[in-house]
Protein chains: 2
Amino acid sequence: MFAGCDGSHAPLFRVGGKWTWRLIRCLEDGPRRFSELLVPLRYITPKVLTETLRAMERDGLVARSAHPGMPPRVEYELTPLGHSLLDPMNACCTWAAAHLPAVLAAREAHEPA
Amino acid sequence: MFAGCDGSHAPLFRVGGKWTWRLIRCLEDGPRRFSELLVPLRYITPKVLTETLRAMERDGLVARSAHPGMPPRVEYELTPLGHSLLDPMNACCTWAAAHLPAVLAAREAHEPA
DNA sequence: CTGCATCCGATAGGATACTG
DNA sequence: CAGTATCCTATCGGATGCAG
């Protein structure tokens with residue numbers, strides 16, 4: 001959630017979603033087909049994958065291109081806008097990688113399970 | 001949500017929460033009392049504020065210091081770890097500020113309300 | 001003032017099965 | 001293959017009221 005960045009509390013960009021970030025990661029190296037996304041996002045259900053893709057499509061982050069025919073072939077890829085999200089995402093991921101141990105240690109300290 | 005950054009899907013840092021980001025913003029300039037947080041976070045309920053603070057406390061992002069006495073006085077402030085989160089946060093907010101119009105335009109295009 | 005207890009509604013995420 | 005349809009559950013955020 002990027003809410004509050006500018007004072008608003010808009011449910012911005014669906015980046016609070018559980019799968020959005022991972023989905024972007026899967027798409028960062030190029031177009032992927034529906035079934036190619038189901039596998040690496042282990043055990044996401046088709047329904048949720050569809051929902052997530054549609055939401056990102058609405059926000060202009062991914063583009064959907066259907067090649068008619070049999071069997072159907074649909075590809076999803078990041079738009080330039082979607083690609084631009086990778087920068088701040090990576091900043092967050094870098095932080096996470098660097099500070100995850102500290103967070104986990106803090107959790108341990110509070111819940112000495 | 002920073003999930004998936006390193007391949008895991010841990011519910012990392014509670015940054016999927018609705019209030020976490022705004023709360024960090026409110027604390028970035030120094031310690032704040034409970035009631036000083038209720039106001040700028042317009043209409044967050046005490047319950048939710050408490051939940052959010054507790055969660056961040058568990059993760060080592062904020063420190064809680066209670067000054068006993070009457071009336072009670074409790075202050076919350078960002079830990080160094082919490083402060084370090086401001087960097088990636090600002091990267092995201094910069095992105096949001098820059099690309100919000102594009103996202104909104106995309107939404108309009110898909111839902112020509 | 002600072003918070004905890006309880007109840008509630010909305011929504012997100014998921015399991016399963018079915019269709020063009 | 002690429003979804004859709006239905007149902008279910010957990011969780012989140014909130015309203016209200018009470019307590020130290």
Side-chain angles (χ1 to χ4, degrees), chain A residues 1-4 8-24 26-27 31-59 61-77 110, chain B residues 1-4 8-24 26-27 31-59 62-77 110-111:
Chain A
M1 287 252 194
F2 295 80
S8 102
H9 70 342
L12 231 38
F13 314 133
R14 307 233 130 247
V15 186
K18 183 173 179 179
W19 297 98
T20 308
W21 294 71
R22 267 177 284 182
L23 195 43
I24 290 180
C26 290
L27 288 172
R32 290 287 182 272
R33 301 179 55 181
F34 191 87
S35 53
E36 290 176 326
L37 293 170
L38 278 176
V39 178
L41 299 171
R42 278 203 288 221
Y43 308 131
I44 190 177
T45 60
K47 176 203 167 199
V48 176
L49 179 54
T50 299
E51 286 172 353
T52 307
L53 284 169
R54 289 276 143 72
M56 294 174 67
E57 200 186 344
R58 273 199 309 276
D59 287 354
L61 299 176
V62 303
R64 176 181 185 276
S65 51
H67 307 251
M70 209 42 189
R73 177 183 184 85
V74 181
E75 289 195 332
Y76 296 90
E77 63 181 320
H110 287 278
Chain B
M1 284 246 198
F2 295 82
S8 102
H9 71 343
L12 231 38
F13 316 132
R14 307 235 130 246
V15 185
K18 183 173 180 178
W19 297 98
T20 307
W21 294 71
R22 267 177 282 183
L23 194 42
I24 291 180
C26 290
L27 288 171
R32 290 287 182 273
R33 302 181 54 185
F34 190 85
S35 50
E36 289 176 326
L37 293 171
L38 278 177
V39 178
L41 299 171
R42 278 203 287 221
Y43 308 131
I44 189 175
T45 60
K47 175 204 166 198
V48 175
L49 178 55
T50 301
E51 286 173 352
T52 307
L53 285 167
R54 285 270 153 40
M56 294 175 67
E57 200 186 345
R58 274 199 309 276
D59 286 355
V62 303
R64 176 183 186 275
S65 51
H67 306 252
M70 208 43 187
R73 178 184 182 86
V74 182
E75 289 195 332
Y76 296 90
E77 63 180 321
H110 286 280
E111 298 188 27

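All chains are named by letter (A, B, ...) in the order of the sequence lines, taking the proteins before the strands, and each is independently numbered beginning at 1. These numbers were taken from a predicted model, which means no experiment stands behind them. Any value given below was found using the heavy atoms of this structure, including those in side chains, with hydrogens, waters and symmetry copies removed.
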Practice prompt. Establish, with yes or no, whether the OP1 or OP2 oxygen of dC12(D) is under 4.0 angstrom from a side-chain nitrogen or oxygen of Trp19(B).
Written response: no

Practice prompt. With the side chain counted from C-beta on, respond yes when Leu53(A) and Leu37(A) share a heavy-atom pair under 4.5 Å apart, and no when they do not.
Written response: yes

Item to complete: For residues Lys18(B) and Ile44(B), determine if any side-chain heavy atom of one lies less than 4.5 Å from a side-chain heavy atom of the other.
Response: no

Item to complete: Residues of residues 31-39 of chain B with any non-hydrogen atom less than 4.0 angstrom from an atom of DNA chain C: list those, numerically ordered, please.
Response: Arg33(B), Phe34(B), Ser35(B)

Worksheet entry | Protein-nucleotide distance (Arg54(B), atom CZ; dG13(D), atom P), rounded to Å | 17 Å

Item to complete: With sequence neighbours excluded, tell me which residues meet side-chain hydrogen bond (donor to acceptor under 3.5 Å, both in side chains) with Arg64(A).
Response: Tyr76(A)

Fill in: Whole-Å distance separating the CD1 atom of Ile44(A) from the P atom of dG3(D)
13 Å

Worksheet item: If each of Thr50(A) and Pro71(A) is mapped to the nucleotide of DNA chain D with the nearest heavy atom, which maps nearer the 5' terminus, i.e. the 5' end?
Response: Pro71(A)

Worksheet item: When the distance from CG of Leu49(A) to C1' of dG3(D) is rounded to whole Å, what number comes out?
Response: 10 Å

Worksheet item: Which one, dG3(D), dT2(C), dA15(C), comes nearest to the side chain of Lys47(A)?
Response: dA15(C)

Discussion item. By nearest atom, which of the nucleotides dT2(C), dA15(C), dG20(C) is closest to the Pro72(B) side chain?
Written reply: dT2(C)

Worksheet, complete the sentence: Checking dG3(D), dA15(C), dC1(C) against the side chain of Pro46(A) (C-beta onward), the nearest is dG3(D)

Worksheet item: In Å and rounded to the nearest 0.5 Å, what is the CH2 to OG1 distance from Trp21(B) to Thr52(B)?
Response: 14.5 Å

Fill in: Distance, rounded to the nearest Å, where Arg73(A) contributes CZ and dG20(C) contributes C1'
19 Å

Discussion item. Rounded to whole Å, please give me the gap between OH in Tyr76(A) and P in dA2(D).
Written reply: 8 Å

Worksheet item: So do the side chains of Val62(A) and Ile24(A) get within less than 4.5 Å of each other, counting heavy atoms only?
Response: no

Worksheet entry | Value in whole Å for how far the P atom of dT2(C) lies from CD of Glu75(B) | 10 Å

Worksheet entry | Length of the line joining His67(B):NE2 and dT2(C):P, which is rounded to integer Å | 11 Å

Discussion item. Tell me which pairs pass salt bridge (Lys or Arg N to Asp or Glu O under 4.0 Å) where either residue lies in residues 68-77 of chain B, with sequence neighbours left out.
Written reply: Arg73(B)-Glu75(B)

Fill in: Nearest listed nucleotide, side chain of Arg64(B), among dT2(C), dA15(C), dG3(D)
dT2(C)

Discussion item. Run Glu57(A) and Arg54(A) through salt bridge (Lys or Arg N to Asp or Glu O under 4.0 Å) and show every step you take.
Written reply: CA-CA 5 Å; Glu57(A) 200 186 344; Arg54(A) 289 276 143 72; 3.8 Å; yes

Discussion item. Using a heavy-atom cut-off of 4.0 Å across all strands, would you classify Val48(A) as base, sugar-phosphate, or nothing?
Written reply: base

Worksheet entry | Spacing of Glu51(A) atom CD relative to dT6(D) atom C1', expressed in whole Å | 13 Å

